[in-house]
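What follows is one structure encoded as structure tokens, with my remarks underneath.
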Amino acid sequence: MNLAQKASVLVALFALSGGSSADAFAVRRGGSATTTASSRLRSTVESSEVAAEVGHVTTKLVPPSKLVPHTTSELFDTRVQKTYGRYPITFVSGSGSTLTDDTGREYLDFVSGIATCALGHNNPELTKAVSDQMKRVHHVSNLYYTPQQGQLANWLCENSCADKAFFCNSGAEANEAAIKLARRHASNRGITDPVIITAEQSFHGRTLATVTATAQPKYHKGFTYGGEMVAGFRYTPYNDLDALRALVDEINVTPPEHAAAGRRRGLAAIMLEPLQGEGGIKPGTREYFALARKLADDNGALLICDEVQVGMGRSGSLWGHEQLAVKPDVFTSAKALGGGVPIGAMMAAKSVSDTFGPGDHASTYGGNPLACAAGLAVAEYLSEHDVLANVQARGEQLAAGLADIAGRYPSVLGETRGWGLLRGVVIKDDAGCTAAELVGDAMKEGLLLVAAGPTVVRFVPPLVVKESEVAEALVRFEKAIAKRVGTSP
């Protein structure tokens with residue numbers, strides 16, 4: 001099958017896909033494959049076959065700049081594993097809430113790297129902080145002290161209920177650290193079979209433990225052992241108080257055959273997102289989180305809040321759990337923490353902050369000077385520019401605008417929900433399109449959005465987005481819907 005045929009098939013598959021953009025099939029730019037492109041691809045394959053020969057030893061390196069040139073889409077087709085469904089756009093630069101592709105077209109970015117680029121693109125303060133740190137020292141490992149890690153930990157703890165922080169590189173790693181801490185804490189209490197409760201439709205990461213914690217079977221397919229994921233996780237409906245109570249009661253009873261063998265089952269933690277992002281932009285209720293807090297306290301267990309997407313100001317408060325009037329024992333952060341520079345953190349309250357000792361957990365890159373310099377720049381900017389007030393104001397503007405559009409297109413759009421600048425609008429079952437397809441329609445209008453499941457379109461612009469940019473995004477979104485239903489906005 002040639003490149004043109006591949007492109008046609010993939011475009012067709014994408015059009016039929018009903019999943020989110022993360023589940024969509026890869027789509028490549030159309031057009032016929034030229035002889036030159038084909039020869040370049042053959043050259044690439046032939047050279048890789050030589051390097052793969054048994055006994056081959058690489059002693060002479062070819063610099064990347066001297067390799068046979070390829071288009072970006074060719075390189076992704078031939079050299080990058082197909083773990084993402086990518087839209088057929090190649091971005092080359094950005095500024096504020098705008099991204100520019102390789103044809104010079106500009107897009108309003110209401111994805112912001114999936115709630116990551118909190119300060120937008122090419123923020124001068126963040127750029128300077130990272131550049132300056134690179135000129136000094138960017139990595140030395142955690143065998144030594146570095147000022148930036150201590151300073152960022154201090155800011156995080158001074159602005160939260162946490163006492164100490166552990167740094168890593170991503171949200172999945174932060175949640176993995178929280179899971180390990182919960183198990184160690186339970187072990188210290190004599191529990192041999194610790195159970196962590198998570199909510200249905202949650203999302204906690206892609207490592208084996210965090211994807212097990214993610215209570216969505218579609219992410220488990222093909223990764224089980226004997227049909228089972230990692231042991232020690234149980235799932236419950238989100239915001240269902242009775243189901244949570246019943247599950248805790250069940251967990252606290254050790255099966256007789258296990259008890260006879262000296263084992264003890266017990267609740268290690270309740271791990272929840274204050275607002276479910278990938279699960280469809282569903283905020284938690286105060287009653288549900290108050291119960292989770294009480295059940296954790298009553299059973300000597302931990303309440304863990306996954307703040308990877310909703311934290312660092314996106315909800316309108318610094319932490320999402322503050323919207324629910326609850327204090328967790330552990331919470332996690334990543335995404336916006338570094339403004340796009342990879343960094344994650346697991347924060348623990350004083351009662352559990354010394355659960356880990358030296359050697360219990362580690363990360364080679366975690367909290368290195370470069371990542372923490374970025375984190376400090378984000379923290380400084382949020383603090384000095386009253387960004388939380390902007391999130392609240394722009395969030396209200398966005399929510400009101402989406403509600404107005406939904407009122408004008410009731411056959412397509414349902415309720416709008418969310419906090420701050422983490423908003424979603426439901427696509428009705430009989431709308432005739434999926435969220436992913438509507439995201440594609442908006443892209444044609446120069447607006448970048450991202451699906452949150454098959455029926456919710458998610459709006460997550462930079463936290464510094466302007467009033468005029470929110471207004472323009474609403475205009476473009478409505479234009480996309482109007483074209484979809486065949487009317488004029």
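All residue numbers refer to positions in the sequence shown, counting from 1. FYI, side chains are in, hydrogens and waters are out, and symmetry mates aren't considered; it's all heavy atoms of this structure.
In this structure, the side chains of Leu463 and Met312 stay at 4.5 Å or more apart for every pair of heavy atoms. Side-chain atoms of Arg189 and Ser187, non-hydrogen and from C-beta on, never get closer than 4.5 Å to each other. With a 4.5 Å cut-off on side-chain heavy atoms, Leu152 and Ile343 count as touching. Residues Ile114 and Val460 fail the side-chain proximity criterion, which asks for heavy atoms closer than 4.5 Å. In this structure, the side chains of Glu380 and Trp155 stay at 4.5 Å or more apart for every pair of heavy atoms. Contact annotation: the side chain of Leu474 approaches that of Leu398 to within less than 4.5 Å [non-hydrogen atoms, C-beta and beyond]. Contact check for Arg394 versus Glu469: no side-chain heavy atoms found under the 4.5 Å cut-off. Within the 4.5 Å cutoff, no side-chain heavy atoms of Ser97 are placed close to those of Pro461.
Looking only at distances, a side-chain donor or acceptor of Trp319 sits under 3.5 Å from a matching main-chain atom of Asn159. Distance alone, capped at 3.5 Å, places no donor-acceptor pair between the Arg263 side chain and the Ala260 backbone. His220 places a side-chain N or O within 3.5 Å of a backbone atom of Val211 that can act as its donor or acceptor partner. Put simply, the side chain of Asp360 gets close to the backbone of Gly357: a donor and an acceptor are under 3.5 Å apart. Looking at Ser315, its side chain does come within 3.5 Å of a backbone N or O of Ser317 through a donor-acceptor pair. Of the possible polar contacts, one joining the Gln216 side chain to the Ser202 backbone as a donor-acceptor pair under 3.5 Å is found. Between the side chain of Asn299 and the backbone N or O of Gly266, no donor-acceptor pair lies under 3.5 Å. Proximity of a side-chain donor or acceptor of Asn239 to a complementary backbone N or O of Tyr288 within less than 3.5 Å is not detected. Within the 3.5 Å criterion, the main-chain N or O of Ala377 finds no donor-acceptor partner in the side chain of Glu125. In this structure, Gln397 contributes its side chain and Glu467 its backbone to a donor-acceptor pair below 3.5 Å.
Within the structure, every pair that satisfies the side-chain hydrogen bond (donor to acceptor under 3.5 Å, both in side chains) test and touches residues 222-238, not counting sequence neighbours, is listed here: Arg234-Glu250.
A pairwise comparison of heavy atoms in Asn169 and Ser363 identifies ND2-OG, 3.3 Å as the closest pair. Of all non-hydrogen atoms in Thr192 and Gly262, the two that sit nearest each other are CG2-O, 4.4 Å. Ala268 approaches Ala182 most closely through the heavy-atom pair CB-O, 3.9 Å. Between Asn390 and Val465, the shortest heavy-atom contact is ND2-O, 3.1 Å. Considering all non-hydrogen atoms of both residues, Arg265 and Val253 come closest at NH2-O, 2.6 Å. The minimum heavy-atom distance between Leu303 and Lys327, with the atom names listed, is CD2-O, 4.4 Å.
Residue His138 places its NE2 atom among 12 or fewer non-hydrogen atoms of other residues, nucleotides or ligands, all under 6.0 Å distant. Other residues, nucleotides and ligands place more than 12 heavy atoms under 6.0 Å from the CZ atom of Phe91. The environment of CD in Glu158 is sparse: at most 12 heavy-atom neighbours from other residues, nucleotides or ligands sit within 6.0 Å. Counted within 6.0 Å of CZ on Arg484, heavy atoms from surrounding residues, nucleotides or ligands total more than 12; the atom is thus considered enclosed. Heavy-atom neighbours of Lys428 NZ from other residues, nucleotides or ligands within 6.0 Å: above the threshold of 12.
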### Query
Arg86 and Val80: side-chain contact (heavy atoms from CB on, under 4.5 Å), yes or no, with the steps?
CA-CA 12 Å; Arg86 289 181 169 86; Val80 179; 4.3 Å; yes
### Task
Please step through side-chain contact (heavy atoms from CB on, under 4.5 Å) for the pair Met271 and Asn175, ending with a clear verdict.
CA-CA 9 Å; Met271 184 176 186; Asn175 285 332; 3.6 Å; yes
#### Entry: Residue pair Ile427, Thr434: steps toward the side-chain contact (heavy atoms from CB on, under 4.5 Å) verdict
CA-CA 7 Å; Ile427 310 303; Thr434 64; over 6 Å; no
### Message
Please evaluate residues Leu244 and Asp240 with respect to the criterion side-chain contact (heavy atoms from CB on, under 4.5 Å), reporting the C-alpha separation (whole Å), side-chain torsions for both, the decisive distance (0.1 Å), and the verdict.
### Response
CA-CA 6 Å; Leu244 181 59; Asp240 187 326; over 6 Å; no
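Look at Arg293 and Asp329 and you find a salt bridge, because one of the NZ, NE, NH1 or NH2 atoms lies within 4.0 Å of a carboxylate O, short of that distance. Remark: Lys294 does not engage Asp297 in a salt bridge, criterion side-chain N to carboxylate O under 4.0 Å. In this structure, Lys282 does not pair ionically with Glu273, as no charged nitrogen and carboxylate oxygen lie closer than 4.0 Å. The existence of a salt bridge linking Glu472 and Arg476 is confirmed by a sub-4.0 Å separation between a basic side-chain nitrogen and an acidic carboxylate oxygen.
Of the candidates Thr127, Asp109, Thr98, His121 forms a side chain to side chain donor-acceptor pair (under 3.5 Å) with just one, namely Asp109. Screening Thr210, Thr198, Asp306 against His204 for a side chain to side chain donor-acceptor pair (under 3.5 Å) leaves a single residue, Asp306.
Atom CD1 of Ile179 and atom CE of Met346 lie 11.0 Å apart (nearest 0.5 Å). A distance of 4.5 Å separates CG in Leu449 from CZ in Phe459, rounded to the nearest 0.5 Å. In this structure, CD in Gln151 is found 5.5 Å from CG in Leu376, a value given to the nearest 0.5 Å. Separating the CD1 atom in Ile405 from the CD1 atom in Ile481 is a distance of 6.0 Å, to the nearest 0.5 Å. Note: Leu438 CG to Met443 CE = 11.0 Å, rounded to the nearest 0.5 Å. From Thr214, atom OG1 reaches atom CE of Met229 across 8.5 Å, with rounding to the nearest 0.5 Å.
For Phe477 and Phe110, the distance between ring centers is not under 6.0 angstrom.
Defined by atom type and a distance below 3.5 Å, a donor-acceptor pair is missing between the side-chain atoms of Thr355 and Asn188.
Ring orientation note: the planes of Phe356 and Phe166 are nearly perpendicular, at an angle over 60° on the 30°/60° scale.
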